[in-house]
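Inspection log for the structure reproduced underneath, given as structure tokens.
One-based numbering along the sequence shown. As a basis for the values below, the full set of heavy atoms in this structure was taken, side chains included, without hydrogen atoms, waters or symmetry mates.
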Amino acid sequence: MAKAGVSTKDILGGGLTGALSLAAAGSLDVGRAAEIASSAMTQFKLSGDKLPHVADLLAAGAGKAQGSVEDLGAALNQSGLVASQVGLSIEETTGGLAAFASAGLTGSDAGTSFKSMLQRLNPQSKEAADLMADLGLSAYDSQGNFIGLSEYAGELQKALGGMTVEQRNATLSTLFGSDAIRAASVLYENGAEGVQKWEDAVNDAGYAADTAARMQDNLAGDLEKLGGAFDTVL
């Protein structure tokens, strides 16, 4: 955590507790859990005191959709920096990745598709630009700011809703290409309401600690704590 820029004060003030909870909730080594949470925090330029919140997002995203904390961390590694640059919050990004996971798109594969989709919010060809104009589809407001992931999913669903399956697939392919079409299709299927549901689901305060407590409320957990107590004594 210190290598990622988290201050000693923030590590002792909740960062370490968050990493420990994430490790237990995701069945991870503590060092790996700290690395995943710290990397996500750095990508979105969050202060060190937000690390417990990041742990909750990661634990909830992995706990409420398919995949693991490792899978979600891999997805964030591929997409987090671009998402932050576009203007998405970490809550939107984690919620979006959870939506992808619920559709079977997980890990670095999900992150790569999401990153490619975000890069194509600005049209990559004249054909795509003309098509976006015809559809009245834009990811940015009049001030040039991203409108929000759930809002964009709603716009996408609205623009493509009256098409046949063939027309919709051809449109998505032109707009997003062969890789990003997977992420775009999930956003279309979920729409504004569905994406917002996932954003709300991952934004669950205390989820990492609660899950960790349940995971350790058994014989294996008791033995692990006993071992830790012996280590402390020694």
**Asked** Does the Q124 side chain pair with the main chain of Q119, one donor and one acceptor, at a distance under 3.5 Å?
**Response** yes
**Message:** So, taking the atom named CD in E35 and the one named NZ in K3, what distance separates them when rounded to the nearest 0.5 Å?
**Reply:** 8.0 Å
**Request:** Is it possible for you to say whether I90 and L118 belong to one hydrophobic cluster, with membership spreading through side-chain heavy-atom contacts below 4.5 Å?
**Result:** yes
**Message:** Using the rule that Ile, Leu, Val, Met, Phe, Trp and Tyr join whenever any side-chain heavy atoms are under 4.5 Å apart, tell me whether L20 and Y207 fall into a single cluster.
**Reply:** no
**Prompt:** Are F176 and F100 co-members of a hydrophobic cluster defined by side-chain heavy atoms under 4.5 Å apart?
**Reply:** yes
**Prompt:** Donor-acceptor pair, Q196 side chain versus E193 backbone, under 3.5 Å?
**Reply:** no
**Item:** Stepwise side chain to side chain contact (heavy atoms under 4.5 Å, CB included) check, I36 with E70
**Value:** CA-CA 8 Å; I36 292 172; E70 280 275 17; 4.1 Å; yes
**Message:** In this structure, would W198 and L149 fall into the same cluster of hydrophobic residues linked by side-chain contacts under 4.5 Å?
**Reply:** no
**Message:** If I take atom CG from residue L156 and atom CD from residue E151, how far apart are they, to the nearest 0.5 angstrom?
**Reply:** 13.0 Å
**Fill in**
In terms of heavy-atom contacts, A37 and L58 come closest through CA-CD1, 3.9 Å
**Check: T174 side chain, A170 main-chain N or O, donor-acceptor pair, under 3.5 Å** = yes
**Fill in**
Rounded to the nearest 0.5 Å, the CG atom of D49 sits from the CE atom of M41 at a distance of 9.5 Å
**Message:** Could you report the tightest heavy-atom contact between V69 and L28, atom names first, then the distance?
**Reply:** CG1-CD1, 3.6 Å
**Prompt:** Would you say M163 and L160 make side-chain contact, with heavy atoms under 4.5 Å?
**Reply:** yes
**Item:** Approximate separation, where rounding is to 0.5 Å, of L97 CG and T106 OG1
**Value:** 10.5 Å
**Item:** Donor-acceptor pair, side chain of S102 and main chain of A99, under 3.5 angstrom
**Value:** yes
**Prompt:** Has the side chain of S84 got a donor or acceptor atom that lies under 3.5 Å from a matching backbone atom of Q43?
**Reply:** yes
**Message:** Please check: side-chain N/O of T171 versus main-chain N/O of Q167, any donor-acceptor pairing under 3.5 Å?
**Reply:** yes
**Prompt:** Yes or no on salt bridge (Lys or Arg N to Asp or Glu O under 4.0 Å) for K158 and E155, after CA distance, side-chain angles and deciding distance?
**Reply:** CA-CA 5 Å; K158 178 181 176 182; E155 291 297 313; 5.2 Å; no
**Request:** Could you please spell out the steps behind the side chain to side chain contact (heavy atoms under 4.5 Å, CB included) verdict for L76 and F114?
**Result:** CA-CA 10 Å; L76 277 170; F114 192 26; over 6 Å; no
**Item:** Short side-chain to backbone donor-acceptor contact, D56 and A208, under 3.5 Å
**Value:** yes
**Message:** Under the criterion side chain to side chain contact (heavy atoms under 4.5 Å, CB included), I'd like the reasoning laid out for S108 against N77: C-alpha separation, chi angles, the key distance, then a yes or no.
**Reply:** CA-CA 7 Å; S108 59; N77 275 343; over 6 Å; no
**Request:** Decide whether E199 and N203 meet the rule of one side-chain donor and one side-chain acceptor closer than 3.5 Å.
**Result:** no
**Asked** Under the salt bridge (Lys or Arg N to Asp or Glu O under 4.0 Å) criterion, do D210 and R214 qualify, and how do the steps go?
**Response** CA-CA 6 Å; D210 290 344; R214 289 196 300 273; 5.4 Å; no
**Prompt:** Roughly how far apart are S79 OG and L88 CG, rounded to 0.5 Å?
**Reply:** 9.0 Å
**Request:** Starting at OG of S138, measure out to CG of L121 and round the result to the nearest 0.5 Å.
**Result:** 9.0 Å
**Request:** Establish, from distance only, whether the side-chain atoms of T112 and D109 form a donor-acceptor pair under 3.5 Å.
**Result:** no
**Complete:** For R120 and A180 the tightest heavy-atom approach is CD-CB, 4.4 Å
**Request:** Tell me, yes or no, whether the heavy-atom count around K50 atom NZ, taken from other residues, nucleotides or ligands under 6.0 Å, exceeds 12.
**Result:** no
**Item:** Close side-chain approach of Q66 and L105, heavy atoms under 4.5 Å
**Value:** no
**Message:** Looking at K64, I want to see if its NZ is surrounded by more than 12 non-hydrogen atoms of other residues, nucleotides or ligands under 6.0 Å.
**Reply:** yes
**Item:** ILVMFWY cluster, L81 and L57 together (side-chain gap under 4.5 Å)
**Value:** no
**Asked** Closest heavy-atom contact between A184 and L172?
**Response** CB-CD2, 4.1 Å
**From CA spacing to verdict: side chain to side chain contact (heavy atoms under 4.5 Å, CB included), L46, L51** = CA-CA 8 Å; L46 301 175; L51 201 144; over 6 Å; no
**L137 and Y152, any side-chain heavy atoms less than 4.5 Å apart** = yes
**Asked** Taking all non-hydrogen atoms of both residues, which atom of Q157 and which atom of Y188 are closest, and how far apart?
**Response** NE2-O, 2.9 Å
**Prompt:** Minimum heavy-atom separation for D179 to S116, with atom names?
**Reply:** OD2-OG, 3.5 Å
**Request:** Report yes or no: does E92 contribute a side-chain atom to a donor-acceptor pair with the main-chain N or O of S89 at less than 3.5 Å?
**Result:** yes
**Item:** Side chain S113, main chain A183, donor-acceptor under 3.5 Å
**Value:** yes
